[in-house]
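Structure, as structure tokens:
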Amino acid sequence: MKKTLRMALVVIVVVAAGLAWFVTRTPASVFDGVAEADAPSADLVRQGEYVARLGDCVACHGTPASKPFAGGLQMGTPLGAIFTTNITPDEQTGIGRYTLADFDRAMRHGVARDGHRLYPAMPYPSYQKMSDDDIRALYAFFMHGVPAVAAQNRPTDIPWPLNMRWPLALWNAVFARSSDYQAGSDALLQRGAYIVQGAGHCGSCHTPRGLAMNEKALDERSPLYLSGALLDGWYAPSLRNDPNTGLGRWSEEDIHAFLKNGRNQHAVVTGSMADAFNNSTQFMSDDDLEAIAHYLKSLPGDPQRDGAPWQYDERTLGQLAVGNRQQIAGAETFVAKCSFCHGADGRGQNPWIPPLAGAASSLAEHNDSSINVTLNGSPRVVAQGIPDSYRMPPYRAQLSDQEIADVLSFVRSAWGNHGGAVSAEEVKTLRGHTDPASSEVRVLQMR
């Protein structure tokens, strides 16, 4: 009996020691022991600045009230709020003491210089796909192209013991295993996949997450990759060729225009995508935008999940006639508040005002985007430094929860839309969880 207990104790000690080693070990970097140049070339710094645009680093690591890359943006999680960190080269509060190897470990392994684990709100599972050259260039930009800012990092609101970081090592071992994309001889497809899966980290918003807040897929080998997901009060739609909730009705030219101009005949950027456009995609080269569009159009849709393709239904025009609309909940509100811009036919005024007929937000099962944009409006689209003149106004103060529920239920069932009804309780919940300031424009300077 004593021998068995001793053996069990030995096993426990060995397992505990192994676990302690695993969670505290420093991941290896390809740049360990690599000598760093004191002054990188101007071309390398410019390349790094472009990579930072691809990754939209400034949108997360900055606020309209902060200096570029000084951090402070609040990000909601199921455990509590976290705040993005200062990634300027300040030696006390930023990353000024990071070596290239330290920087690489943070970017591609989620481990900070002092050894603590980063929350996967930092999309290092995607950044694992980034090339050594792009990591080196990005490091050169942050160290030599970004002014140092002394700004203390704000601690998370996550309570103890949930704020302990060591379990993230186990999370990484299970969920942060990525692989390089191999696209054969199609260079355009390979470049598009590299941007979407890597620096662009599109899956962070557009791929559904599991119970452990892990992306359920990191590349196109799974049909769940980029199939749409709820995120912080918005529904990021499918980027696959789903005809209703995705890009099935979009051409490669439509995708290019959306990323370059913030709008096309189908939609206008809103929510988090407005930040991505204002600070990232419009600055990408046409070649890279074409590559992204080419890759996204290679992803098949899921007819079983998406249902029968949407078809326009003209009967809604009759429902909106003066003698009929009083009998339909939400129809009067639509005519009074929505029809002037979006039209009684629901087709909008392309490309400035998007259609409601056939919109992904009105065909998706999740209604968060419909509710959020009605409550809080949408940010301005700022293209080439010029804000546009059209935006969705907020109706938070003008319409009650029931009125918003009625008008959205009407829109989501009109012109052939089949997204489903909206309840006043759903509006009330999202009203309490969203901030009117979320519709403010966020165009952040890189330097």
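What you are looking at is a predicted structure, and each value in this text was computed from that prediction instead of being measured. Residue indices begin at 1 and follow the sequence shown.
For the residue pair Asn376 / Asn372, a side-chain donor-acceptor distance below 3.5 Å is found, with atom types taken as modelled. A donor-acceptor contact closer than 3.5 angstrom is absent between the side chains of Tyr312 and Asp345. Using modelled atom types, one finds no donor on one side chain facing an acceptor on the other under 3.5 Å when comparing Asp104 with His109. Between Asp406 and Gln402, the side chains place a donor N or O and an acceptor N or O closer than 3.5 Å (distance only, hydrogens not considered).
The minimum heavy-atom distance between Ala383 and Phe277, with the atom names listed, is CB-CZ, 4.0 Å. In this structure, Ala236 and His206 approach most closely via the heavy-atom pair CB-ND1, 3.5 Å.
Judged as a ring-ring contact (aromatic ring centres under 6.0 Å, His included), the pairs with a partner in residues 364-387 (not counting sequence neighbours) are, in order, Tyr235-His366. Evaluation of the ring-ring contact (aromatic ring centres under 6.0 Å, His included) test over residues 314-342, restricted to residues two or more places apart or in two chains, returns Phe334-Phe410, Phe334-Trp415. Sorted by first and then second residue, the pairs that involve residues 421-430 and meet side-chain hydrogen bond (donor to acceptor under 3.5 Å, both in side chains), not counting sequence neighbours, are Asn367-Glu426, Ser423-Glu426. Within the structure, the side-chain hydrogen bond (donor to acceptor under 3.5 Å, both in side chains) test picks out the following pairs touching residues 76-95 (sequence neighbours left out): Asn86-Thr88, Asn86-Thr93, Asp90-Thr93. The stretch residues 190-203 participates, sequence neighbours left out, in these salt bridge (charged side-chain N to carboxylate O under 4.0 Å, His left out) pairs: Arg191-Asp288.
In this structure, Leu247 CG and Leu226 CG are separated by 9.0 Å, a value rounded to the nearest 0.5 Å. Between Gln74 atom CD and Thr156 atom OG1 the span is 11.0 Å, to the nearest 0.5 Å.
Without hydrogens or angle criteria, Tyr194 side chain to Ser131 main chain gives a donor-acceptor distance under 3.5 Å. Between the side chain of Arg325 and the backbone N or O of Glu332 there is no donor-acceptor pair closer than 3.5 Å. Between the side chain of Asn241 and the backbone N or O of Leu299, at least one donor-acceptor pair lies under 3.5 Å. At distances below 3.5 Å, at least one donor-acceptor pair connects side-chain atoms of Arg412 with backbone N or O atoms of Ser361. With hydrogens and angles ignored, the 3.5 Å screen pairs no side-chain donor or acceptor of Arg240 with any backbone N or O of Asp302.
Scanning for side-chain hydrogen bond (donor to acceptor under 3.5 Å, both in side chains) contacts around Gln282 gives an empty result, with sequence neighbours left out. A search for side-chain hydrogen bond (donor to acceptor under 3.5 Å, both in side chains) contacts involving Ser370 returns nothing, not counting sequence neighbours. Remark: Asp388 engages Arg263, Arg380, Val381 in a side-chain contact (heavy atoms from CB on, under 4.5 Å) (not counting sequence neighbours). The ring pair (Phe, Tyr, Trp, His ring centres under 6.0 Å) check on Trp250 picks up Phe258, His266, with sequence neighbours excluded. For the side-chain contact (heavy atoms from CB on, under 4.5 Å) test, residues two or more places apart in sequence or in another chain that qualify with Thr333 are Lys337, Leu399, Val407. Here Arg105 pairs with Asp32, Asp102 under the salt bridge (Lys or Arg N to Asp or Glu O under 4.0 Å) rule; sequence neighbours left out. Taking the ring pair (Phe, Tyr, Trp, His ring centres under 6.0 Å) definition, one finds that His256 meets it with nothing, sequence neighbours left out.
Both cation-pi conditions hold for Arg154 and Phe83: the charged atom is under 6.0 angstrom from the six-membered ring centre and inside a 45 degree cone around its axis. Relative to the six-membered ring of Tyr124, Arg108 misses at least one condition, a distance below 6.0 Å or an angle of at most 45° to the axis.
Counting heavy-atom neighbours within 6.0 Å of His418 NE2, excluding the residue itself, gives a total above 12. A 6.0 Å sphere centred on CD of Gln398 holds more than 12 heavy atoms belonging to other residues, nucleotides or ligands.
Taking the centre of each ring, Phe103 and Tyr98 stay at or above the 6.0 Å mark.
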Discussion item. Tyr295 vs Asp186, test: side-chain hydrogen bond (donor to acceptor under 3.5 Å, both in side chains). Steps then yes/no.
Written reply: CA-CA 10 Å; Tyr295 172 66; Asp186 191 334; over 6 Å; no

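Remark: Arg221 engages Asp219 in a salt bridge, criterion side-chain N to carboxylate O under 4.0 Å.
Aromatic ring pairs are classed by plane angle as parallel below 30°, tilted from 30° to 60° and perpendicular above 60°; the pair Trp352 and Tyr390 is tilted.
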